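Worksheet for the structure shown next.
Proteins come first, then strands; the chains are lettered A, B, ... in the order of their sequence lines, and each starts at number 1. All of these numbers come straight from a predicted model, not from anything done at the bench.
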Amino acid sequence: MEKLQQIRGTHDLLPQDWARHHYIAETARRMAEWHGFAAMATPMIEFRDVFVRAVGEATDIVSKEMFRVTPPSTEDGGHEREAMVLRPENTAAIIRAVMNGGLTEQMPQRLFYYGPMFRYERPQKGRLRQFHQIGAETLGVFSPMADIELISLAAGILREILPDGGRGQFRLLLNSLGDSESRANYRDALVEHFGGGKFALSETSRERLLKNPLRILDSKSPEDQLAIQTAPQLINFLNEPSRAFFARVQDGLSALGIDPMVESKLVRGLDYYSHTVFEFVTDKLGAQGTLLAGGRYDGLMAAMGGPALPGIGWAAGVERLAELIDSAKIPTPRPPILLICFGSDAVENRGMALANELREKGFVVEMAMQQPDHKRLQKALQHANRVGTEFSLIMGPDEFLSDMIEVKNMANRESHKIAVAELPSFLAKMP
RNA sequence: GCGGGUGUAGCUCAGUCGGUUAGAGCGCUAGAUUGUGAUUCUAGAUGUCGCCGGUUCGAUUCCGGUCACUCGCCCCA
């Protein structure tokens, strides 16, 4: 038979990998909780329209990177009104859930999520077709305090999980897209600059000129560089309220000891951003250097058909973080006590019951499943070494009959027999 | 969607300028040790040499295709 292979761009999380992921997600969730964020989750499948309305039809993510989900049958008369997709990101779905669940009546909301996302892209380092994101969203707050808090939380999480407190591991890039008026003015200026016929733009940039001129600033295409360098600066088009907002965010971050680099060409890929946009980047991951990115999206909820409530959020790629974190910080599980019982079903039954008793008293107990024949214990004890147990408990027919058990200290190889009834108090005295 | 690299044992990798039985280390199995593990010693098992096709007397080796992995472009977390 041919070997079954896994789907391209997906990764298995074997136990060690899972421990890394869980450490990242759980650390982030815990720190978010300290800031008043509540964890939540949305389904991995959504109607395509959720992302079309939120992310924008013109983006790569929506136009060509979503996995479609096809039901096994359309016998129900074509009631599939809309196409379903695997979620490519979570912000849109969170907003959808918040609106559907009536949470818009209880603003503000601080929300945290963790889960798999799906994008049909060519896999490479730090880019998978199924990947995991952690993310945080603050909804219903117009004040720049929300921006400051959210960026501070992100910085705190990175400092916590990266080696050496994150020093030298990442940079924070910050920009402001301004409010819709500022953006419209800037957009007009860009169209005039790029579209005036002075430059020979790349094909994608010519397309973006029509759909989303701001994105041209993101282009790395060599032929676009001169045009980009001479382009008008967004910062000069911010109206007074937008300028004040941006200044407040920068001041607040600085007061927390966070000093971002203002990067005027940072516009981000998704259409829904306004005012603050930011990106935590690293040069340690090759081409996919963005660890965590986000921004404010004051127009999003209204664009999705809800009340005109503001929001700001970020998402981080767990696989990317997992490549950088300090392995020493991943908590190792308590090694189990290994209970080896053999000789008859009655001994095994007694052992299973004893294991449960010990577990109820707070001990981690693993039953040896090596099926040692009643003559040799080698396999079971070799397994004990593998799992790193400090004590092995051995109950064979002899011990069983006398209601005793052998306690073997794996470190010094000493062992002696004690009454089963004394076992919990004996183990409790052990370090 | 476009380009580069790689695919040999469970894992990490040698190797074959085309030739008869394809190797190492780790791991695994068994024994030395019939109720006691770390070390040690001894013995053993592994493979469609990614897949399909072509050239050839002969292909794991050369060529083409394909799939997968990987790195970059693009895009993004």
- Distance between the C1' atoms of rC49(B) and rA22(B), in whole angstroms? 8 Å
- Task: Looking at every strand, decide which applies to E399(A) at a 4.0 Å heavy-atom threshold: base, sugar-phosphate, or nothing.
- Result: base
- Query: Quick one: is rU70(B) close enough that its OP1 or OP2 comes under 4.0 Å of any side-chain N or O from H11(A)?
  - Reply: yes
- Message: What's the closest nucleotide to the side chain of Q382(A) if the choices are rC71(B), rG37(B), rC28(B)?
- Response: rG37(B)
- Gap between atom CD1 of I95(A) and atom CG of N100(A) - 0.5 Å precision: 11.5 Å
- Query: Going by heavy atoms in the side chains, are T138(A) and W314(A) under 4.5 Å from each other?
  - Reply: no
Table of protein N/O atoms under 3.5 Å from nucleotides 2-6 of chain B N/O atoms:
| unit_1 | atom_1 | unit_2 | atom_2 | d |
| --- | --- | --- | --- | --- |
| rC2(B) | N4 | R122(A) | NH1 | 2.5 |
| rG3(B) | O6 | R122(A) | NH2 | 3.2 |

- Message: How about NZ on K329(A), more than 12 heavy atoms from neighbouring residues, nucleotides or ligands closer than 6.0 Å, or not?
- Response: yes
- Message: Rounding to an integer number of angstrom, what distance separates rC51(B) and rU42(B) when you compare their P atoms?
- Response: 36 Å
- How would you label the contact of E65(A) with the nucleic acid (heavy atoms, under 4.0 Å): base, sugar-phosphate, or nothing? sugar-phosphate
- Query: P atom, rC69(B) versus rC11(B): distance in rounded Å?
  - Reply: 15 Å
- In whole Å, what is the span from the CZ atom of R119(A) to the P atom of rA77(B)? 5 Å
- Note on the structure: Atom CD of E279(A) and atom P of rC75(B) are separated, to the nearest Å, by 13 Å
- Between rG65(B) and rC76(B), how far apart are the C1' atoms? Round to whole Å, please. 32 Å
- Rounding to a whole Å, what distance do you find between Q133(A):CD and rA77(B):P? 7 Å
- Query: rC71(B) and rC62(B): how far apart are their P atoms, nearest whole angstrom?
  - Reply: 25 Å
- Item | Atom-pair distance (CZ on F131(A); C1' on rC76(B)), nearest Å | 8 Å
- Message: Mind checking if A322(A) touches a base, just sugar-phosphate, or nothing, with heavy atoms under 4.0 Å?
- Response: nothing
- Item | rC71(B) phosphate, OP1 or OP2, under 4.0 Å from Q124(A) side-chain N/O | no
- Query: Any chance CE of M304(A) has more than 12 other-residue heavy atoms, nucleotides or ligands included, within less than 6.0 Å?
  - Reply: yes
- Task: Look at the side chain of K408(A) and decide which nucleotide, out of rG37(B), rG1(B), rC76(B), has an atom nearest to it.
- Result: rG37(B)
- Message: Please report the distance, rounded to the nearest Å, between CG in L266(A) and P in rC76(B).
- Response: 11 Å
- Message: Between P on rU39(B) and CD on Q378(A), what's the gap in Å once rounded to a whole number?
- Response: 12 Å
- Query: Of the nucleotides rG37(B), rU36(B), rC73(B), which one has an atom closest to the side chain of N385(A)?
  - Reply: rG37(B)
- Task: Mind checking which stems touch RNA chain B? I mean at least 3 consecutive Watson-Crick or G-U pairs, both distances under 3.5 Å.
- Result: B:1-7 with B:67-73, B:10-13 with B:23-26, B:28-32 with B:40-44, B:50-54 with B:62-66
- Query: Taking the nucleotide of RNA chain B with the closest heavy atom to each, which residue, F280(A) or G9(A), is nearer the 5' end?
  - Reply: G9(A)
- Message: Rounding to an integer number of Å, can you tell me how far K417(A) NZ sits from rU36(B) C1'?
- Response: 11 Å
- Are S176(A) and R296(A) linked by a side-chain donor-acceptor pair shorter than 3.5 Å? no
- In whole angstroms, how far is the C1' atom of rC74(B) from the CD atom of E121(A)? 9 Å
- Item | Toward the 5' end of RNA chain B, by each residue's nearest nucleotide, T10(A) or A316(A) | T10(A)
- Task: With heavy atoms under 4.0 Å as the rule, sort M117(A) into base, sugar-phosphate or nothing.
- Result: nothing
- Item | Span that lies between the C1' atom of rA59(B) and that of rG64(B), in whole angstrom | 14 Å
- Message: I'd like the C1' distance from rA14(B) over to rU6(B), given in whole Å.
- Response: 15 Å
- Query: CZ of R68(A): more than 12 outside heavy atoms within 6.0 angstrom?
  - Reply: no
- What heavy-atom pair brings R119(A) and P88(A) nearest, and what distance separates the two atoms? NE-O, 2.8 Å
- Ignoring hydrogens and angles, does a donor from either the side chain of R8(A) or the base of rC69(B) sit under 3.5 Å from an acceptor on the other? no
- Specify the residues of residues 282-295 of chain A, ordered by number, for which at least one heavy atom lies under 4.0 angstrom from an atom of RNA chain B. G286(A), A287(A), Q288(A), T290(A), L291(A), L292(A), A293(A)
- Check whether more than 12 heavy atoms from other residues, nucleotides or ligands sit under 6.0 Å from atom OH of Y120(A), and answer yes or no. no
- Query: For the atom pair CH2 (W18(A)) and CG (D12(A)), what is the distance rounded to the nearest 0.5 Å?
  - Reply: 15.0 Å
- Task: Would you indicate whether Q16(A), at its atom CD, is surrounded by more than 12 heavy atoms from other residues, nucleotides or ligands within a distance under 6.0 Å?
- Result: no
- Where the side chain of R87(A) meets the backbone of T42(A), is there a donor-acceptor pair that is under 3.5 Å apart? yes
- Is the CG atom of L14(A) crowded by more than 12 outside heavy atoms at less than 6.0 Å? yes
- Message: Can a side-chain donor-acceptor contact be found between Q130(A) and H11(A) if the only test is distance below 3.5 angstrom?
- Response: no
- So does R386(A) get a side-chain nitrogen or oxygen closer than 4.0 Å to the phosphate oxygens (OP1/OP2) of rC28(B)? yes
- Task: Could you tell me whether the side chains of T27(A) and E160(A) share a donor-acceptor contact shorter than 3.5 Å?
- Result: no
- Message: Can you check the distance between rG15(B) and rA32(B), where both ends of the measurement are the C1' atom (answer in whole Å)?
- Response: 35 Å
